Amino acid sequence: PFVVEALTAEQIKEELTRQYPSKVKRKRDKQIVLNEKKKDESGSLTLPVINANTRTSPGIITQRGCTYAGCKGVIMGPTRDIINITHGPIGCGYYSWLTRRNQTKPPTEEHDNYIPYSFSTDMQDENIIFGGEKKLKAAIKEAYEMFHPKAIAVFATCPVGLIGDDVHQACREMKRELVDCNVFAFSCEGYKGVSQSAGHHIANNGVFQNMVGNQTKEPKGKFKINLLGEYNIGGDAFVLEEMFEKCGITLLSTFSGNSTVEQFEQAHWAELNCVMCHRSINYVADMIEKKYGAPWIKVNFIGAKATAKSLRKIAEFFNDPDLTERVENFITAEYPAVLKAQAEILPRTEGKRAMLFVGGSRAHSYQELFSEIGMKTIAAGYEFAHRDDYEGRKVLPDIKVDADSRNIEELTVERDEELYREPKTNADLESLKNRDFFENYKGMMADMGEKAMIIDDVSHHEAEKLIEMCQPDIFCAGIKEKYAVQKLGVPCKQLHSYDYGGPYAGFQGAIQFYSDIDRMVNSKVKDMIKAPWE
Ligand code: CFM
Ligand code: HCA
């Protein structure tokens with residue numbers, strides 16, 4: 001009944017894949033599931049199994065990006081004072097230049113800001129035929145001589161992998177030559193893996209291996225944390241930085257919104273890691289825990305309730321009366337404005353229905369913001385998440401602190417298998433018990449309604465069908481979907497870039513989001529115009 005009156009959820013699911021060839025249909029059927037929660041014999045809840053993080057069938061129009069995008073764009077993109085050089089033809093560097101809305105602070109005496117620049121080796125035919133390592137080394141040298149950065153990172157694109165340039169060797173040589181500059185490379189060729197997700201893993205391994213731990217002097221401050229998986233889209237991280245400061249929490253580093261080399265290098269001094277976007281950064285959280293001992297908790301600063309809960313979780317971890325008081329004071333000061341905004345907006349938004357098809361994290365985290373203004377998410381899915389983002393993590397992985405980014409596909413599969421394994425040994429059970437206090441990472445399914453539709457790697461065709469059949473009040477996606485959705489008469493909110501709006505994090509961000517959504521779902525403009533093709 002929450003989908004459409006006339007069709008059952010099962011019928012809608014059938015309709016989405018009806019036109020596919022049988023092999024594709026069989027595959028898609030495992031990636032489109034109705035959220036049916038069942039109790040097993042022991043009384044514990046079981047969730048449906050979803051097929052995720054598998055290759056998109058050729059011919060399907062997917063929302064996904066490539067491994068280079070995940071490494072260079074997502075994880076390393078928001079860093080301020082690393083010179084990020086794309087080793088490849090100019091298009092890869094050009095089209096990843098300032099396309100994600102991660103904001104940064106302007107340059108200071110201590111920290112340069114290279115965000116406005118696009119660095120590329122601009123490979124030509126000659127480099128493809130005779131090799132591009134010489135050109136890469138010259139580019140590193142040129143960048144160093146012009147800017148004297150603390151670090152230079154090199155990103156391999158598809159042709160680099162195909163012709164076999166050794167980017168790591170080139171960087172090792174340049175690091176020796178340049179002495180006071182950290183130079184390292186990522187084998188993040190676009191074709192590796194099945195989506196941008198492989199790029200996150202490669203980037204995490206590289207940051208951990210080349211930067212984390214380099215600062216041997218303990219930084220000052222009380223209640224030291226890192227914020228992992230926050231990329232400062234639309235200024236979100238600025239809101240959170242201010243929030244932590246007001247609460248007396250020392251933020252050592254953010255991975256990687258508005259971040260600096262210095263922040264990465266001191267991250268191992270944190271007492272607690274707070275993970276926002278689990279999908280993109282969980283590898284760093286696990287590696288820090290394993291090597292340096294600091295535990296991690298899942299936090300969410302999207303949504304007012306979630307913000308209050310996450311702040312309290314941090315205070316609970318440190319268990320200090322002063323900190324608890326400051327956190328409570330902060331919540332008390334900020335919450336009335338949130339409640340006021342909700343009371344004003346809710347009568348206009350209550351009962352409206354949303355669909356969220358975004359990335360590997362926001363399709364879940366934004367559902368709570370919608371629910372705060374009475375809106376229900378009737379269908380959702382990630383572009384490139386793994387099973388744990390849907391079903392939750394079952395055990396702690398016994399990970400190797402392994403930075404060999406060349407075996408990334410194998411590593412990722414191995415790790416995923418470990419995460420969904422049912423706890424078997426005493427050590428598994430023990431580690432889960434310890435985790436209970438932190439509320440182990442739970443995925444999207446546990447929070448979604450009965451029989452809500454969950455679709456991994458939704459295709460353009462399926463999205464269009466869903467909209468036609470269900471007529472949601474709002475569809476959340478990215479720039480590639482936006483105008484196709486709007487042509488179908490449904491407003492589309494971009495949850496990647498926030499449609500040039502935001503910030504949406506924390507209490508102030510929640511208020512901003514309620515008001516933007518209210519404006520969109522209650523707009524009368526569609527009734528006033530007729531499309532030229534009608
Ligand atoms: Fe994490 Fe992200 Fe997301 Fe992501 Fe992305 Fe992004 Fe996203 Mo676009 S890191 S998974 S790879 S929250 S760039 S800031 S908006 S798809 S949902
Ligand atoms: C990426 C970046 C992206 C794309 C957004 C979009 C982002 O996947 O490489 O499709 O609108 O957030 O900028 O996810």
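Note that this is a predicted model, so its numbers are computed, not measured.
Taking NZ of Lys493 as the start and NE2 of His496 as the end, the distance is 12.0 Å to the nearest 0.5 Å. The CZ atom of Arg393 sits 5.0 Å away from the CG atom of Leu419 when rounded to the nearest 0.5 Å. Remark: Thr54 OG1 to Asn51 CG distance equals 4.5 Å, nearest 0.5 Å. Here Gln263 contributes atom CD and Gln266 contributes atom CD; the two are 7.0 Å apart, rounded to the nearest 0.5 Å. Rounding to the nearest 0.5 angstrom, the gap separating the CE atom in Met276 from the CD1 atom in Ile302 is 5.0 Å. Taking CD of Gln215 as the reference point, atom CD of Glu262 lies at 7.0 Å (rounded to 0.5 Å).
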- Full working for side chain to side chain donor-acceptor pair (under 3.5 Å) between Asn226 and Trp296: CA-CA 9 Å; Asn226 297 318; Trp296 63 268; over 6 Å; no
- Task: Take Leu411 and Asn205, measure what side-chain contact (heavy atoms from CB on, under 4.5 Å) needs, and give me the verdict at the end.
- Result: CA-CA 11 Å; Leu411 256 181; Asn205 287 352; 4.1 Å; yes
- Item | side chain to side chain donor-acceptor pair (under 3.5 Å) assessment of Asp457 paired with Thr56 | CA-CA 8 Å; Asp457 186 20; Thr56 307; 2.7 Å; yes
- Would you check, one step at a time, whether the test side-chain contact (heavy atoms from CB on, under 4.5 Å) holds for Ser361 with Asp389? CA-CA 8 Å; Ser361 170; Asp389 303 292; over 6 Å; no
- After noting the C-alpha distance and the side-chain angles of Lys220 and Thr250, does the key distance pass the side-chain contact (heavy atoms from CB on, under 4.5 Å) rule? CA-CA 9 Å; Lys220 288 199 198 70; Thr250 308; over 6 Å; no
- So Asn84 and Lys72, side chain to side chain donor-acceptor pair (under 3.5 Å) or not? Walk me through it. CA-CA 8 Å; Asn84 292 321; Lys72 193 265 181 185; over 6 Å; no
- Query: Yes or no on side-chain contact (heavy atoms from CB on, under 4.5 Å) for Thr86 and Thr121, after CA distance, side-chain angles and deciding distance?
  - Reply: CA-CA 6 Å; Thr86 297; Thr121 51; over 6 Å; no
- Give the C-alpha distance, both sets of side-chain angles, the deciding distance and a yes or no for ring-ring contact (aromatic ring centres under 6.0 Å, His included) between Phe301 and Phe244. CA-CA 12 Å; Phe301 295 110; Phe244 289 131; 5.7 Å; yes
- Item | Check against side chain to side chain donor-acceptor pair (under 3.5 Å), Tyr231 and Thr254 | CA-CA 8 Å; Tyr231 301 94; Thr254 300; over 6 Å; no
- Worked verdict on Glu126 versus Lys135 for salt bridge (Lys or Arg N to Asp or Glu O under 4.0 Å): CA-CA 11 Å; Glu126 192 194 319; Lys135 194 167 191 188; over 6 Å; no
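A salt bridge links Lys105 with Glu241; the closest basic N to acidic carboxylate O contact falls under 4.0 Å. A salt bridge does not link Lys305 to Glu368: none of the charged nitrogens lies less than 4.0 Å from a carboxylate oxygen. A salt bridge links Glu242 to Lys246: at least one charged side-chain nitrogen sits closer than 4.0 Å to a carboxylate oxygen. The pair Lys482-Asp499 meets the salt-bridge criterion, with a side-chain N (NZ, NE, NH1 or NH2) lying under 4.0 Å from an Asp/Glu carboxylate O. In this structure, Glu177 pairs ionically with Lys141, as a charged nitrogen and a carboxylate oxygen lie closer than 4.0 Å.
In this structure, Arg64 is not positioned above the aromatic face of Phe384 in the sense of NZ or CZ being under 6.0 Å from the six-membered ring centre and within 45° of the axis.
Aromatic ring centroids of Tyr382 and Phe357 lie 6.0 Å or more apart. Under the 6.0 Å cut-off for aromatic ring centres, Tyr366 and Phe513 qualify, their centroids lying closer than that. With ring centers used as reference points, Tyr390 lies 6.0 Å or more from Tyr420. Aromatic ring centres of Phe147 and Tyr117 lie closer together than 6.0 Å.
With Thr104 as reference, Asn113 is the one residue of Asn113, Thr260, Asn258 to meet the side-chain hydrogen bond (donor to acceptor under 3.5 Å, both in side chains) rule.
Heavy-atom contacts from other residues, nucleotides or ligands closer than 6.0 Å to CD of Gln486 number more than 12. At most 12 non-hydrogen atoms from other residues, nucleotides or ligands lie less than 6.0 angstrom from OH of Tyr95.
Side-chain atoms of Cys476 and Phe370, non-hydrogen and from C-beta on, do get closer than 4.5 Å to each other. For the pair Ile140 and Cys171, the minimum side-chain heavy-atom distance is below 4.5 Å. Residues Tyr504 and Asp516 form a side-chain contact, since some pair of their non-hydrogen atoms from C-beta on lies under 4.5 Å apart. For the pair Ile455/Gln31, no side-chain contact is recorded, criterion being any heavy-atom separation below 4.5 Å from C-beta on. Using a 4.5 Å heavy-atom cutoff, the side chains of Ile225 and Asn273 are not in contact. Taking 4.5 Å as the limit, every side-chain heavy atom of Ile479 sits out of range of all side-chain heavy atoms of Ser497. Residues Ile61 and Ser459 fail the side-chain proximity criterion, which asks for heavy atoms closer than 4.5 Å. Ile202 is listed as a side-chain neighbour of Thr67, based on a closest heavy-atom distance under 4.5 Å.
In this structure, a donor-acceptor pair under 3.5 Å is present between the side chains of Gln124 and Asp122. A donor-acceptor contact closer than 3.5 angstrom is absent between the side chains of Lys150 and Asn182. A donor and an acceptor atom, one from each side chain of Asn282 and Arg415, are located under 3.5 Å apart.
In plain terms, the two heavy atoms of Gly93 and Ser118 that are nearest each other are O-OG, 3.4 Å. Of all heavy-atom pairs spanning His87 and Val160, the tightest one is O-CG2, 3.1 Å. Of all heavy-atom pairs between Ala380 and Met444, the closest is CB-CE, 4.1 Å. The minimum heavy-atom distance linking Asp81 with Asp112 is given by the pair CB-O, 3.3 Å. What you find for Ala363 and Leu356 is that their closest heavy atoms are O-CD2, 3.4 Å. Between Cys181 and Tyr144, the shortest heavy-atom distance links the atoms CB-CE1, 3.7 Å.
Looking only at distances, a side-chain donor or acceptor of Arg362 sits under 3.5 Å from a matching main-chain atom of Leu495. Looking only at distances, no side-chain donor or acceptor of Glu189 sits under 3.5 Å from a matching main-chain atom of Tyr68. A side-chain donor-acceptor contact under 3.5 Å links Ser310 to the backbone of Asn300. Judged purely by atom type and a 3.5 angstrom limit, Gln196 has no side-chain atom pairing as donor or acceptor with the backbone of Gly70. In this structure, Gln209 contributes its side chain and Val207 its backbone to no donor-acceptor pair below 3.5 Å.
Under the salt bridge (Lys or Arg N to Asp or Glu O under 4.0 Å) criterion, Asp388 pairs with Arg279, not counting sequence neighbours.
Note: Phe255 and Phe264 have perpendicular aromatic rings, judged against thresholds of 30 and 60 degrees for the angle between ring planes.
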